[in-house]
Amino acid sequence: MTDIASLRPIAAVLVSALAIVPILASGHRSNIRESWSVLAAVTMLGIVASMVPGVLDGNVYVTDFGTFLPGIQFALRVDPLGLLFGLLASILWLVTTFYSIGYMRGLGEHAQTRYFAAFAASVSSAVGVAFAGNLLVLFVFYELLTVATYPLVAHDETDEARAAGRKYLAYTFAGGVAVFAGAVLVFWLSGTTAFTPGGIAELASADPVLARVAFALLAAGFGVKAALMPMHSWLPDAMVAPTPVSGLLHAVAVVKSGVFGIARLVLDVFGPDLIGDLGMGLPLAAVAAFTLTVASIIALRQDNLKRRLAFSTVSQLSYIVLGLAVLDPMSLVGGLLHIPAHAFMKLTLFFCAGALHVETHTDDISNMAGIGQRMPLTMSAFAVASMGMAGIPLVAGFVSKYFLLIGTISAGQALFTGALLLSGILNIAYFWPVVYTAFFESPTESDEKPLVSGVLGGRFGGRDAVTDGGTDPDDPDEPEGHRDDHGFAPDHEGQGIQDDIDAAEQLDHDHGEEHEIDWEHRGWRGGESTWFMLAPILFAAAGSLALGIAPDAAVFLRIVRLIVAGATGVSV
Amino acid sequence: MSDLAPFLIALPILGSVVALLIGLARSETGWPVAVVAMIGQTGLAAWLAYQVFTGGPIEYVVGGFEVPYGIELVIDGLSASMIVLIATVALGVLAYAHAAGPRSNPFYGTYLLLVAGLTGVCITGDVFNMYVFLEITGLAAYALVASGRSGRSAVAALKYLIVGTVGASLFLLGVGYAYIATGTLNMADLAAKLAAVGYTSTLVQTAFAFVVIGLFIKVAVFPLHTWQPEAYAGAPDSVSAFIAALVSTVGAYALARMILSVFTVDFLAANPLARDLLVAGAMVSIVAGSALAVAQTEIKRMLAYSSVSQFGLVLAALSVTNRTALIGAAVHLVGHAIMKGGLFLTAGLVATGTGARTVDGYEGLSDRMPIAAGAFAVLALAMVGVPPMVGFAGKWYIALGAIEAQIWPLAVVILASTLLTLAYFARLIERMYFREAASVGDGPTAEAETGSPTGDAVLADGGRVTAGMYLAVLAAAVLAATLGVAVVEYGRLLEPTLELLLA
Amino acid sequence: MIDLVAARVHYLVTFLLLGIGTYMMIGNRNLVKKVIGMNVFQTGIFLFFISAAYIEGAGSPVLSSPGPYVSPLPHVLILTAIVVGVSLTAVALGLVVRIYDEYGTLETDVLREVRADE
């Protein structure tokens with residue numbers, strides 16, 4: 001591996017940071033403002049992409065600014081792992097920028113300038129996290145990311161958003177402190193914090209107790225953003241943010257920076273071998289397995305679509321952590337590959353949720369019956385992505401989950417294999433009802449959902465007919481009012497009763513035979529929404545398919561193989 | 001070149017006299033005099049600091065009386081950084097005070113006297129001389145706090161005076177014990193003779209206890225901090241910025257000087273209890289200061305309690321006394337002075353612009369005063385220790401120092417201090433950016449009637465926001481955000497000084 | 001015991017003064033009396049220094065005739081300290097006058113009530 005001194009890493013970080021100035025300056029002229037965002041996103045993607053061939057050839061691009069603190073260089077290094085995250089963030093930033101434009105304009109949101117500025121700052125920090133050359137530089141950008149995303153979480157300026165923002169800051173800064181403490185310990189134990197594939201050698205000879213403490217602190221600190229249980233509860237609350245934010249930051253940048261931190265920790269700070277010797281892999285894997293199972297179960301009970309997606313994120317992130325913690329080369333590949341795979345799929349899902357919100361003001365799954373008529377393309381993309389989440393072949397999730405399963409088996413951890421399979425089934429259980437509701441039901445007739453209210457689902461598992469046609473007194477879903485299981489404040493837009501009203505207004509009462517209430521039919525040619533939103537959705541969905549159908553052709557798998565070969569010496 | 005050292009004290013005193021005399025002829029002429037004097041002082045301080053960092057410590061014997069009988073002025077790396085800091089901050093606050101007032105000549109006379117006192121504490125090499133300069137500092141500070149025209153400032157100043165005098169007196173008592181034990185007052189001489197007397201001698205231990213407790217009062221370490229919140233909150237805005245940035249800082253410098261140069265690290269090694277006293281003071285200050293800061297509704301009081309907590313960090317570094325931690329102490333002293341001075345200036349700016357002096361009054365500030373809100377947010381985040389700003393650099397060194405010394409409880413508290421600081425700043429940031437102002441129309445007037453501590457004086461004095469005020473605030477914010485970069489170089493400059501101090 | 005006390009009576013007085021001064025500063029409600037307490041406190045310290053200047057068996061470099069000599073340095077120091085003390089008292093009394101003008105009282109508890117309405 002050769003180091004190439006280059007300004008490209010810092011340029012990639014700075015591009016979007018610099019874009020903040022013109023974005024703020026062109027405040028009210030929204031077209032100019034947005035074109036700066038797009039320009040910055042394109043430039044950044046170009047810079048990052050230009051480094052891909054070099055990195056695949058085994059080079060590392062380095063920008064070194066000299067000593068930052070004694071013994072610590074302020075260095076940016078684009079190695080394969082950094083590139084994986086950096087490339088992902090820059091591709092998806094571009095996509096999300098277009099989507100944001102459609103979304104923010106569609107809703108006429110307030111404070112759009114602040115929104116786009118904070119957005120650019122977040123992406124800049126995320127790329128900084130990706131390219132950080134040592135633990136401390138990573139920490140610097142990790143904290144900046146927290147600061148930059150806070151305005152996005154609290155964007156709504158409602159009590160609920162502020163509470164979510166407070167919770168977000170409290171959780172992530174607490175995590176930051178743990179990371180900081182861990183970094184100080186690592187520096188004290190080994191005299192360096194520079195990332196070294198396969199681990200920092202001096203740590204192996206350090207006091208094992210302190211090394212374990214350092215690992216635990218770092219894992220817990222990154223685990224906050226990676227939403228490991230029991231440190232996950234900021235994530236569902238943060239879903240009050242505008243949907244593009246939820247999508248990019250809470251399914252891609254923020255949570256992935258946590259996962260990425262754990263990947264750095266496992267591969268480049270301690271190294272898989274040392275973690276095995278210290279016995280720290282198993283506890284981490286156990287936490288991850290617990291999280292992915294429990295989060296899936298909780299997701300079943302969420303009626304609000306974004307909240308269901310949030311718990312799905314909690315669960316999917318733990319796939320990645322599990323893959324890393326099992327320490328087998330195959331599982332490492334699976335975990336790392338799940339980073340881009342999950343990003344593409346989850347982004348699709350969030351974009352769909354956002355498009356539904358903008359076009360029909362529907363947020364609760366119970367109000368989505370028949371919505372496939374109204375938004376066919378969107379819901380098809382949703383269906384594809386949710387199949388991927390469940391690990392059905394030909395979509396991205398299958399490849400990474402396959403590697404994960406193989407990895408856990410070859411590491412002899414059958415229990416974890418079981419957890420993965422169980423969670424896969426639960427994935428179907430909480431995604432299929434959404435798709436089923438959208439396409440195969442209409443607002444006037446809805447059926448039982450599999451596993452949620454009837455074991456078999458559909459018309460087969462329906463409850464016994466009631467002779468008077470009234471409600472079943474035992475049925476918890478039917479009583480007057482609305483069972484508020486989503487935890488948002490009752491007056492939150494698109495919640496509970498309010499959502500029912502919003503949704504009802506969108507229904508076309510004159511349409512359909514016999515004056516049946518139904519969604520308006522819109523064709524398959526994009527009449528359902530603006531192309532600002534549809535194109536990103538379709539792109540992300542296509543990305544999920546590309547990763548699933550030809551993983552070797554998409555560059556991510558090659559990068560992942562390179563990372564694992566570098567860290568373990570085993571080529572997969 | 002070393003002959004320039006006494007001018008550091010003489011120049012501001014001269015300026016102070018000139019300001020008073022000119023004031024007899026024409027009123028409101030103090031500001032230009034003060035500016036001229038401070039520009040000269042800044043140049044002088046920078047030049048001397050350059051000499052020190054390139055050529056080693058400067059020693060100057062006042063009046064030609066031989067050491068250890070005469071009074072000596074000593075400028076080493078630590079004092080050099082302090083004198084530059086004092087001159088720079090004083091100049092910056094002057095830029096702010098031009099419009100914000102107070103405008104009277106006696107005010108600027110006292111202001112320059114305070115600069116003289118602060119500088120004196122930092123460059124003297126004689127413990128009794130240090131007492132005198134501490135009292136000059138104190139006197140000038142009491143008078144400045146009282147320069148707000150309301151009754152509240154007078155009450156605050158009197159409380160400050162009584163508590164501060166007790167602190168200085170206890171310091172003097174400690175000096176008396178040291179004198180009885182050794183028969184000398186020169187710092188270098190004391191260090192040698194105290195070692196000869198023996199660090200476990202009761203006399204020496206008592207001297208240490210009195211000196212440290214006396215200075216704890218000056219630094220405002222919990223629970224000896226009670227004078228501070230009232231004094232800061234009761235003073236006019238320019239004054240509270242100035243004394244919050246410098247007076248406690250110089251107190252902490254005096255403490256460091258006494259511990260390191262006079263009693264030396266060997267004393268701490270010989271008396272574990274003494275170190276425990278410092279560690280305990282540090283931990284309690286950090287936690288209690290933050291907890292009290294969260295409970296405040298008035299901005300300036302909150303910032304004052306924040307100082308209690310931040311000086312806990314400095315004290316923590318002094319109790320650890322290894323090289324890393326001491327660099328951290330120096331960095332944090334400088335960084336804190338800039339950040340806290342900037343925060344007080346911003347608070348003053350906001351109060352002038354909108355009349356808001358309470359936490360609730362800051363709601364929706366980002367719409368009303370975007371630049372002030374931005375500066376406040378940056379300074380607050382720097383104080384929290386968001387990397388790579390200067391607050392982070394100091395914290396990194398201090399935490400690393402505590403871990404190197406393996407004082408684990410202290411290390412945990414230092415790390416947790418980030419969250420504690422966040423606790424009181426986050427609510428402000430949230431209010432500034434994510435809440436609408438309750439009622440923009442009658443907000444300021446209502447505030448002015450009920451919330452303004454210095455009465456109508458401040459509002460009447462400087463009811464308009466000027467470029468000079470913004471300049472001072474922005475300079476502080478930019479320095480706080482960027483000085484972190486210079487920390488490594490600064491640490492390297494301090495190395496020789498610390499080598500001597502820790503030898 | 002008596003001897004011991006008699007030999008150190010000045011230290012005893014010193015700390016008695018310090019104690020009285022502290023008590024007056026904390027316990028007394030009148031601001032002027034607080035300032036007096038501060039003065040008493042400082043006087044204790046002055047006494048401490050002065051008494052420490054008497055060193056048994058010490059000689060003087062200039063005078064040769066026998067007799068008890070007193071080290072002049074602490075006296076000089078205390079002269080300075082007295083000057084400082086006087087200025088402090090002056091400033092303190094000035095503040096007291098202003099407080100009285102503003103609130104019409106010097107009792108701390110009344111002052112607190114008046115200021116609570118501010």
Side-chain angles (χ1 to χ4, degrees), chain B residues 69 110 126-129 131-136 138-166 168-181 183-185 203 210 214 226 230 234 449-453 455, chain C residues 11 14-15 18 21-22 24-26 31-32 34-35 37-39 41-53 55 58 71 73-74 76-78 80-81 83-106 108 111-112 114-115 117-118:
Chain B
Y69 306 109
T110 324
D126 180 287
V127 283
F128 186 76
N129 203 225
Y131 163 75
V132 173
F133 279 121
L134 276 177
E135 283 295 43
I136 292 178
L139 272 170
Y142 312 144
L144 285 180
V145 169
S147 66
R149 273 175 237 158
S150 69
R152 182 181 178 181
S153 342
V155 176
L158 187 65
K159 187 174 184 185
Y160 183 16
L161 185 146
I162 290 177
V163 179
T165 305
V166 171
S169 301
L170 289 176
F171 175 79
L172 182 61
L173 201 55
V175 168
Y177 274 96
Y179 175 70
I180 291 172
T184 182
L185 292 169
L203 214 49
F210 275 122
T226 49
E230 261 315 298
E449 279 160 17
T450 57
S452 164
Chain C
Y11 290 122
T14 296
F15 281 90
L18 290 181
T22 313
M24 284 180 77
M25 279 187 282
I26 297 170
L31 291 177
V32 176
K34 276 180 191 286
V35 175
M38 189 180 82
N39 275 312
F41 187 83
Q42 287 185 306
T43 312
I45 293 172
F46 300 160
L47 183 65
F48 175 76
F49 266 80
I50 302 289
S51 58
I55 302 163
S71 166
L73 185 60
V76 177
L77 298 182
I78 288 314
T80 319
V83 173
V84 170
V86 168
S87 355
L88 279 168
T89 314
V91 173
L93 290 177
L95 292 172
V96 168
V97 170
R98 264 190 51 193
I99 293 172
Y100 188 77
D101 281 349
E102 188 86 20
Y103 299 109
T105 179
L106 289 177
T108 44
L111 199 58
R112 196 171 301 127
V114 176
R115 294 186 59 206
D117 307 334
E118 235 179 28

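Since this is a predicted model, take the numbers as computed values, not measurements. Every chain is numbered from 1 and lettered A, B, ... according to where its sequence line falls, protein lines coming before strand lines.
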Notebook entry, point to check: Can you say whether the rings of Phe48(C) and Tyr177(B) are parallel (under 30°), tilted (30 to 60°) or perpendicular (over 60°)?
Noted result: tilted

Do the non-hydrogen side-chain atoms of Ile45(C) and Leu170(B) ever get within less than 4.5 Å of each other? no

Between Ala92(C) and Leu158(B), the two heavy atoms sitting closest are O-CD1, 3.8 Å

CD (Gln42(C)) and CG (Leu173(B)) are apart, to the nearest 0.5 Å, by 12.0 Å

Value for OG (Ser51(C)) from CD1 (Ile180(B)), rounded to nearest 0.5 Å, stands at 7.0 Å

Separation between CG (Leu185(B)) and CG (Leu77(C)), nearest 0.5 Å, reads 5.5 Å

Output for pair (Leu88(C) CG, Leu161(B) CG), nearest 0.5 Å, gives 5.5 Å

Residue from Tyr142(B), Tyr179(B), Tyr131(B) scoring the most non-hydrogen pairs under 4.5 Å with chain C is Tyr179(B)

Correct closest heavy-atom pair for Phe128(B) and Thr80(C) would be CE2-CB, 3.9 Å

Rounded to the nearest 0.5 angstrom, the NZ-NZ distance for Lys159(B) and Lys34(C) is 9.0 Å

Closest non-hydrogen contact found for Ser169(B) with Phe41(C) is CB-CE2, 3.4 Å

Side chain proximity check, Leu31(C) to Val155(B), heavy atoms < 4.5 angstrom: no

Nearest heavy-atom approach of Arg98(C) to Ala154(B) is NH2-CB, 3.9 Å

Can you find a heavy atom in the side chain of Val166(B) that is under 4.5 Å from one in the side chain of Met38(C)? no

